[in-house]
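Written out below as structure tokens is the structure these notes cover.
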Amino acid sequence: MPARYWLFKSEPSSYSLDDLIRDGVAEWDGVRNYQARNSLRDDVKAGDGVLFYHSSTDPIAVVGTATVMRGGYPDHTAWDPRSKHPDPKSSPDNPIWYMVDLRAAERFRNPVTMDTLRANAAVSDMLVLRRGMRLSIQPVTTAQWKVVRAMGRPQAV
DNA sequence: GCCAACGTTGGC
DNA sequence: GCCAACGTTGGC
């Protein structure tokens with residue numbers, strides 16, 4: 001199975017690409033949306049590529065890439081009452097939420113903004129550009145991955 | 001800070 | 001199971 005590609009959203013004020021670079025391998029925890037959970041649990045695999053997207057900031061942009069180091073496994077922060085996103089319905093025996101491990105791979109010399117994405121016909125149909133699209137874990141096609149990455153002029157981190 | 005577009009919750 | 005109220009996301 002060839003690697004798949006994804007777009008992960010993050011608000012840089014809460015967790016930025018630089019934070020991920022600093023942390024090395026990081027647990028992508030706290031996802032509490034069922035559709036995103038299903039992707040994490042079933043489809044995001046070690047070796048997959050991630051477009052790292054900064055939301056709720058200026059400029060909103062894809063700022064780099066990351067690599068999935070470990071595929072979906074239970075999000076243990078859900079049953080930790082002191083975590084940021086506790087869910088009392090989740091337990092080790094019956095986990096509801098899942099996470100993956102990420103490592104930063106590249107930083108873009110040219111962060112690719114929403115305007116840039118919209119203006120490029122090859123990627124203007126990306127889910128992230130859709131009005132009202134709040135999903136924080138989105139699939140990206142191989143073609144979209146290639147185009148966005150090339151536009152970003154990636155530099156290994 | 002506004003608010004549209006969702007997703008979730010809970011009374012019935 | 002409906003749906004109004006509520007909470008959240010996230011671009012603007």
Exercise for the section: Please write out which residues are connected to Y73(A) in a hydrophobic cluster, directly or through intermediates, given that two of Ile, Leu, Val, Met, Phe, Trp, Tyr count as joined at side-chain heavy-atom separations below 4.5 angstrom. Expected result: M99(A)
Which pairs of donor and acceptor atoms, one on a side chain in residues 19-27 of chain A, lie under 3.5 Å apart (sequence neighbours left out)?
| unit_1 | atom_1 | unit_2 | atom_2 | d |
| --- | --- | --- | --- | --- |
| D19(A) | OD1 | R22(A) | NH1 | 3.1 |
| D19(A) | OD2 | S16(A) | N | 2.9 |
| D19(A) | OD2 | S16(A) | OG | 3.3 |
| D23(A) | OD2 | Y15(A) | OH | 2.6 |
| E27(A) | OE1 | H76(A) | NE2 | 3.1 |
| E27(A) | OE2 | H76(A) | NE2 | 3.4 |

Handout entry: Listed partners of R107(A) passing side-chain hydrogen bond (donor to acceptor under 3.5 Å, both in side chains), at least two apart
Key = D18(A)
Exercise for the section: Taking side-chain hydrogen bond (donor to acceptor under 3.5 Å, both in side chains) as the test, write out the residues that go with H85(A), two or more places apart. Expected result: none
With the criterion being N/O to N/O and under 3.5 Å, what pairs connect the protein with nucleotides 1-6 of chain C, and how long is each?
none

Exercise for the section: Give, for atom CZ of R109(A) and atom CD of Q155(A), the distance between the pair rounded to the nearest 0.5 Å. Expected result: 4.0 Å
Any pair with a residue in [range] that passes salt bridge (charged side-chain N to carboxylate O under 4.0 Å, His left out), sequence neighbours left out, goes on the list, sorted by first then second residue, please.
{"range": "residues 134-150 of chain A", "value": "E106(A)-R149(A)"}
{"range": "residues 85-101 of chain A", "value": "D87(A)-K89(A)"}
{"range": "residues 66-84 of chain A", "value": "R32(A)-D75(A), D80(A)-R82(A)"}

Spacing between [X] atom [atom1] and [N] atom [atom2], to the nearest angstrom:
{"X": "W97(A)", "N": "dG7(B)", "atom1": "CH2", "atom2": "P", "result": "13 Å"}
{"X": "R37(A)", "N": "dT8(B)", "atom1": "CZ", "atom2": "P", "result": "10 Å"}
{"X": "N33(A)", "N": "dT8(B)", "atom1": "CG", "atom2": "C1'", "result": "11 Å"}

Exercise for the section: Starting at the 5' end of DNA chain C, write a dot or bracket for each base, bracketing those in Watson-Crick or G-U wobble pairs whose two distances are under 3.5 Å and using | for partners on another strand. Expected result: ||||||||||||
Restricting to nitrogen or oxygen on both sides, can you table the protein-nucleotides 9-12 of chain C pairs closer than 3.5 Å?
| unit_1 | atom_1 | unit_2 | atom_2 | d |
| --- | --- | --- | --- | --- |
| dG10(C) | OP1 | K9(A) | NZ | 3.0 |
| dG10(C) | OP1 | R134(A) | O | 2.3 |
| dG11(C) | OP1 | Y53(A) | OH | 2.7 |
| dG11(C) | OP2 | S56(A) | N | 3.0 |
| dC12(C) | OP2 | R118(A) | NH2 | 3.4 |

Exercise for the section: Would you please name every residue forming a side-chain contact (heavy atoms from CB on, under 4.5 Å) with A143(A), sequence neighbours left out? Expected result: T141(A)
Would you list the atom pairs, donor with acceptor, under 3.5 Å between side chains in residues 49-60 of chain A and any protein atom, with sequence neighbours excluded?
| unit_1 | atom_1 | unit_2 | atom_2 | d |
| --- | --- | --- | --- | --- |
| H54(A) | NE2 | L17(A) | N | 3.1 |

